[in-house]
Protein chains: 2
Amino acid sequence: MSTEITVTDETMETTFQKYEKKFKALADKKRLEIMNLICQRSSLCVCDLSELIDMPQSKLSYHLKILLDAELLIKETRGTWSYYQLNEKEVNHLLSEELCCLFRPS
Amino acid sequence: MSTEITVTDETMETTFQKYEKKFKALADKKRLEIMNLICQRSSLCVCDLSELIDMPQSKLSYHLKILLDAELLIKETRGTWSYYQLNEKEVNHLLSEELCCLFRPS
DNA sequence: ACATTAAATCAAAAAAAATTGATTTATTAA
DNA sequence: TTAATAAATCAATTTTTTTTGATTTAATGT
């Protein structure tokens, strides 16, 4: 019967789509730099990060949104400030231990 | 002195660029499917793969080149045939153990 | 209430990546 | 030598992503 095969195919399709989104988020050296900087501190707000990597705010927000939508970052809003930190679980699930120094938390 | 800092920055820049290329190669669900299919067999030629994923040859060659340039695949030419297989070392270095079933060799 | 700051969003333009079908190169087989 | 097949490459088009500067929303301090 084709039912099971179809279901399995859809699951794979969905799986590939999920990883496509995550890898797409990592497929930019500026975003990797962002991940690396956030990884080093426990969390960072947009305006501090904007100075650290010398990037205009709107551009930075654009890139942060991509990482956030891919669930590689977590956002916590306090007042007018937005603090971003690594989504450790997701990053650990995705990347090798060899990449820990760069993008993975301890 | 700024010398050391500059050297370190250039190294990081190069590192991010390297990973950007690799993640960009993985940032496409068709290419993930290709990786997955090649992972399942030990190696595959273009024409067989073309039928397996129902993709025209020129398009497939384009995607294979991207994976090859990112050093995620290895190509071996025998006569008119090109056989592609996983670059296990690179893939293992990059991806987590959790992704082994999909894209990592045993 | 008003001015200021943080951050997200928007629309237009620019840049990069993917698709398409045709062509080229090289090997094999008749 | 000729025909057939495998695979890479090319150029033109289409699609997607990124950049930019302006605008909006919301919270804070005076």
Side-chain angles (χ1 to χ4, degrees), chain A residues 13 16-35 37-38 41-87, chain B residues 13 16-35 37-38 41-87:
Chain A
E13 171 74 17
F16 291 139
Q17 217 152 303
K18 188 182 79 179
Y19 287 118
E20 175 186 70
K21 189 169 187 176
K22 287 178 197 296
F23 288 130
K24 205 165 264 181
L26 292 172
D28 179 284
K29 66 178 196 261
K30 277 291 167 192
R31 290 197 291 267
L32 291 176
E33 199 184 335
I34 291 169
M35 291 289 286
L37 285 167
I38 290 177
R41 358 247 137 171
S42 55
S43 90
L44 262 173
C45 68
V46 179
C47 57
D48 286 352
L49 190 52
S50 179
E51 289 204 355
L52 268 172
I53 58 167
D54 187 36
M55 185 184 276
Q57 179 268 319
S58 75
K59 191 171 169 178
L60 179 56
S61 281
Y62 166 78
H63 286 295
L64 284 170
K65 190 174 178 357
I66 286 171
L67 290 165
L68 191 69
D69 288 349
E71 297 178 290
L72 297 173
L73 292 180
I74 293 167
K75 179 168 75 165
E76 196 191 332
T77 303
R78 287 203 288 277
T80 3
W81 282 267
S82 289
Y83 293 91
Y84 286 85
Q85 60 182 105
L86 276 208
N87 185 342
Chain B
E13 172 74 17
F16 291 140
Q17 217 152 304
K18 187 182 81 179
Y19 287 118
E20 175 187 68
K21 189 168 188 177
K22 287 179 196 296
F23 288 130
K24 206 166 265 181
L26 292 172
D28 178 284
K29 65 178 196 262
K30 277 291 167 190
R31 290 197 290 268
L32 291 176
E33 199 185 336
I34 290 169
M35 291 289 284
L37 284 168
I38 291 178
R41 357 247 137 172
S42 55
S43 91
L44 261 173
C45 69
V46 180
C47 57
D48 286 353
L49 190 52
S50 180
E51 288 204 355
L52 268 171
I53 59 167
D54 189 36
M55 184 184 275
Q57 178 267 319
S58 76
K59 191 170 168 179
L60 179 54
S61 282
Y62 167 77
H63 286 296
L64 285 169
K65 189 173 177 1
I66 287 171
L67 290 165
L68 191 69
D69 287 349
E71 296 178 290
L72 298 172
L73 291 181
I74 293 168
K75 178 168 75 165
E76 195 192 334
T77 303
R78 287 203 288 276
T80 3
W81 283 266
S82 289
Y83 293 90
Y84 286 84
Q85 60 182 105
L86 275 207
N87 185 341

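Here is how names work: the chains are called A, B, and so on, in the same order as the sequence lines, proteins then strands, and each is numbered from 1. Quick note: numbers below take in every heavy atom, side chains included, and nothing from hydrogens, waters or symmetry partners.
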Rounded distance in Å - [atom1] ([X]) to [atom2] ([N]):
X: A/Glu76; N: C/dA7; atom1: CD; atom2: C1'; answer: 16 Å
X: B/Gln57; N: C/dA18; atom1: CD; atom2: C1'; answer: 16 Å
X: B/Leu67; N: C/dA18; atom1: CG; atom2: C1'; answer: 14 Å

Mapping A/Ile66 and A/Gly79 onto DNA chain D by nearest heavy atom, which one lands closer to the 5' end? A/Ile66

Starting at the 5' end of DNA chain D, which residue's closest nucleotide do you reach first, A/Lys24 or B/Trp81? B/Trp81

Minimum-distance nucleotide (side-chain atoms of A/Ser58 versus C/dT20, C/dA6, D/dG21): D/dG21

Choosing from C/dT27, D/dT19, D/dT9, which nucleotide comes nearest the side chain of B/Thr80?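 Side chain of B/Thr80 sits closest to C/dT27.
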
Classify [X] by what it touches in the nucleic acid, base, sugar-phosphate, or nothing, heavy-atom distance under 4.0 Å.
X: B/Leu60; value: nothing
X: B/Arg31; value: sugar-phosphate
X: B/Ser82; value: sugar-phosphate
X: A/Lys75; value: sugar-phosphate
X: B/Tyr84; value: sugar-phosphate

If you define the side chain from C-beta out and look only at heavy atoms, does anything of B/Asp28 sit under 4.5 Å from B/Ile66?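 B/Asp28 vs B/Ile66: side chains apart.
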
Hey, is the side chain of B/Ser61 poking within less than 4.0 Å of OP1 or OP2 on D/dA8, counting only N and O atoms?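 Yes.
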
